[in-house]
Structures are given as C-alpha cells and as structure tokens.
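Here's the structure, in structure tokens; my notes come after.
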Amino acid sequence: MALLSFRLPPCSPAPSSSTLFLPIASPSPRCCPSCHQPSASATSLLISLRPVAASQVCPSTHQPQPILIDKSSLIVSEAASEDQFWAAASLRVRTFYNFQPSSYGIQDHKKYLVDREFEALKERVAGKREGFNKVSCINATLPLSQISSFPDDLCAACKFTDNGEDRVVVGTLDLNQCLWLPDEIAGKKPEGFSADFARGYLANVCVAKELHRNGLGYELVKKSKIVAEEWGITDLYVHVAVNNEPAKKLYMKSGFVYENDEPAWQARFLDRPRRILLWIGLPGALDL
C-alpha cells in the first residue's frame, strides 16, 4: 500500500495538492484508477502551474510481498537538518514519479526534481510561503544497516547522518497550518477568527514502496496529530482521491471522517480524479 499526499508545490506561491510533471517522467503506478494524472504531453506545462498533491494511499499494480522491519529502531520525528530535507525530497521524487530507465539524461532529471522539492521544502518550513502559519516535514527513518540490501536509489539517495549514524528516510509527510491548500476544497472547521491558526492539512505523504504494509503511514499520521496539537490545531484535514480505498482505510483507521466532496467540474478542470475531504477533530476543538 503506497502512501502519497497531494504534494506541495515547489514553485507556486503556496503549497497545494497536485503533482509536478516533466515530459521525461510519467506518473508512477501509485496513480491507480483513483489517482490518474495528466498524460506526458501535457506535463511540461504543469511543472510551473500545478501545485503538488494532498493525500493518497495507492496500492501498486504488482504489489510485492511486504518486507517486515524491526520497528524498534524506527524514529518518526520532525526534520530539522538540510540533510533530512534532501532525503525527504529524494523519497518524494522516487515515489511520485515513474521514470523510464531508457530515457536520456534521467539522472540529471531526477536531480533537477529533487533540487526543486528540496528548495521548496526549505522555503515552506522557514515560513516564507504566504498564507501558511507553519509547515513541518515529518519523517520516518530507519538505520541504514537494517535496510542496506534495498535498492541504491533508496539507501543512497534518501540517506542522511544523525549523530554519527547513517539513517534512511523511508516515509515522509508535510503538516501545514493554514486555511486551505491551493487547488483543493477547504475545510469548514473551525469557523471564525480561530481558523487562521486552528486548521491544518496533511500533504506529500509517502512511504518507500519496499516497506508498504509495515504501518509506517499510520505512524506518520499519528506523529502529525501530536505536532498539530502542540501548534494549537484543532481541526486536521486530508484530501483523498475518491476511489482510493486504501487511503481512506488508513485515514479512517486514524480517526478521520468524511466532510466534503470536490465538485466534479473542478476535478475535470484540473484533469485529475475527484477528491474527498476527510476531517478529524483534535483535543481542545470543543474549547474554541
């Protein structure tokens, strides 16, 4: 089960929820029927106009047997170093794009996409995106020694060093404290002045495909709820493709419930599957 979040835009004025594309990269198998994205012919234009996505969990077409991990060495925490931001950006590009191995200059193209997301992520977390009070990148990491037999594009590209230990980002998401995500339907709670700081959204959720079905997505969401409460967020939202049953199952297991649907015309206009908006009230919501 692949975890994705309608990703935040590296170049648009504020984070949002569609996926960035360039002609050399096509949408990955995550897109299933519920996460269809535009064809390659349309993607070069979207790179500067489309915000990145909001939240999906998609099973790949050919799901391998899950590789179980020792979760005693798993750390889920807010990223604080540029090395962690780079590793998270690398995992997002690895997850959200399906690259054709025979394509010319593929490694340069991957680095270009990672650079864009890395710079955008730093900008969002630093509070330089208008309309966002706070943004945090939350990562799930494992020691490199535990997964050293995994593909190099995970172990090398998504690696960072923490207190002398090599670790790998195997899951990541963004927590956004804001009124809405661009190109997405907005939540309705809370109403009034408190919505400026008490409403939040999850975005850019993904887990390394080799480690699906280990509960990493659940752990990421669990940690995001803790951080959201610390920030004073009382109403947390996530957008999910309407036919994406694995995603809905994950979020409902985490306590989210249905609130609203994206209008069909909006989904057609943005050339994507229709989203639904899920909501969870965090402790303290009734006090405001």
Short question: side chain of D166, backbone of L144 - any donor-acceptor pair under 3.5 Å?
no

Work out which heavy atom in C178 is nearest to a heavy atom in G131; give both atom names and the distance.
CB-O, 3.5 Å

Is there a donor-acceptor pair closer than 3.5 Å between any side-chain N or O of N260 and the backbone N or O of G187?
no

Using 0.5 Å steps for rounding, measure from the CZ atom of R213 to the CD1 atom of I67.
11.5 Å

Does V135 share a hydrophobic cluster with I226, counting links as ILVMFWY side-chain heavy atoms below 4.5 Å and allowing steps through other members?
no

Do L142 and V168 have side chains that approach each other closer than 4.5 Å (heavy atoms only, starting at C-beta)?
no

With the 4.5 Å side-chain cut-off for hydrophobic clustering, are I106 and V93 part of the same group?
yes

Nearest 0.5 Å, please: how far is CD in E82 from CZ in F160?
14.0 Å

Would you call L236 and L175 a side-chain contact if the rule is heavy atoms closer than 4.5 Å?
yes

Under a 3.5 Å distance rule, please check whether K225 uses its side chain to pair with a backbone N or O of I280 as donor and acceptor.
no

Go through the steps for D115 and W86 under the test side chain to side chain contact (heavy atoms under 4.5 Å, CB included), then give the verdict.
CA-CA 8 Å; D115 280 339; W86 178 270; 3.0 Å; yes

I'd like to know whether NZ of K71 has more than 12 heavy-atom contacts from other residues, nucleotides or ligands below 6.0 angstrom.
yes

Taking all non-hydrogen atoms of both residues, which atom of P263 and which atom of I185 are closest, and how far apart?
CD-CG2, 3.9 Å

Test side chain to side chain contact (heavy atoms under 4.5 Å, CB included) on V170 and I69 and set out the steps.
CA-CA 11 Å; V170 294; I69 59 171; 6.0 Å; no

Closest approach of C137 and V125, non-hydrogen atoms and distance?
N-CG2, 4.2 Å

Interatomic spacing from NE2 in H109 to OH in Y104 - rounded to 0.5 Å:
14.0 Å

CZ on R199 to CH2 on W279, rounded to 0.5 Å
12.0 Å

Evaluation steps, side-chain hydrogen bond (donor to acceptor under 3.5 Å, both in side chains), between S81 and D83:
CA-CA 5 Å; S81 69; D83 282 351; 5.3 Å; no

State, yes or no, whether a side-chain contact exists between N243 and P273 at a heavy-atom distance under 4.5 Å.
no

Only counting residues at least two apart or in another chain, list the ones meeting salt bridge (Lys or Arg N to Asp or Glu O under 4.0 Å) with E78.
none

Out of R274, E262, R275, which one pairs with V242 under the side-chain contact (heavy atoms from CB on, under 4.5 Å) rule?
R274

For a salt bridge (Lys or Arg N to Asp or Glu O under 4.0 Å) with R124, tell me which candidate from E117, E119, E130 qualifies.
E117

Sequence neighbours left out, what passes salt bridge (Lys or Arg N to Asp or Glu O under 4.0 Å) with K189? Give chain and number order.
E259

D153 side chain reached by F99 side chain, heavy atoms, under 4.5 Å:
no

Taking the side chain as C-beta and beyond, is there a heavy-atom pair between V240 and L250 under 4.5 Å?
no

If you round to the nearest 0.5 Å, how far is CZ of R167 from OG of S145?
8.5 Å

Please state whether the rings of F193 and F197 are parallel, tilted or perpendicular, taking 30° and 60° as the class boundaries.
tilted

Look at the rings of Y201 and H239 and say which category their plane angle falls in: under 30° parallel, 30 to 60° tilted, over 60° perpendicular.
parallel

Should L202 and L220 count as side-chain neighbours, where that means a heavy-atom distance under 4.5 Å?
no

What's the spacing between R92 CZ and Y97 OH if we round to 0.5 Å?
12.0 Å

Apply the side chain to side chain donor-acceptor pair (under 3.5 Å) test between T172 and each candidate in N204, T141, T95, N139; give the one that qualifies.
N139

Using the rule given for side chain to side chain contact (heavy atoms under 4.5 Å, CB included), can you reason through K248 versus I276, listing the C-alpha separation, both sets of side-chain angles and the distance that settles it, and then say yes or no?
CA-CA 9 Å; K248 290 188 283 187; I276 62 172; 3.4 Å; yes

Locate the shortest heavy-atom distance separating V169 from A87; write the atom from each residue and the value.
CG2-CB, 3.5 Å

Where is the tightest heavy-atom contact between G200 and I233, given as atom of each residue plus distance?
N-CG2, 3.8 Å

More than 12 heavy atoms from other groups under 6.0 Å of NZ on K134:
yes

Would a distance-only check, ignoring hydrogens and angles, find a side-chain to backbone donor-acceptor pair under 3.5 Å from S254 to V221?
no

Step through the shown structure and confirm whether more than 12 heavy atoms of other residues, nucleotides or ligands are within 6.0 Å of CD on E191.
no

Taking every non-hydrogen atom, the tightest pair across L173 and S224
CD1-CB, 4.0 Å

Given L91 and L154, is the side chain to side chain contact (heavy atoms under 4.5 Å, CB included) satisfied, shown in steps?
CA-CA 7 Å; L91 181 62; L154 174 64; 4.1 Å; yes

Evaluation steps, salt bridge (Lys or Arg N to Asp or Glu O under 4.0 Å), between R94 and E210
CA-CA 12 Å; R94 183 180 191 264; E210 294 85 356; 2.6 Å; yes

Are more than 12 heavy atoms, taken from residues, nucleotides or ligands other than K159, located less than 6.0 Å from that residue's NZ atom?
no

Is a side-chain N or O of D108 found less than 3.5 angstrom from the main chain of G105, in a donor-acceptor match?
no

Answer whether the closest heavy-atom distance between the side chains of F256 and L277 falls below 4.5 Å.
no

Mind checking salt bridge (Lys or Arg N to Asp or Glu O under 4.0 Å) for E229 and listing every partner two or more places apart, or none if nothing turns up?
none

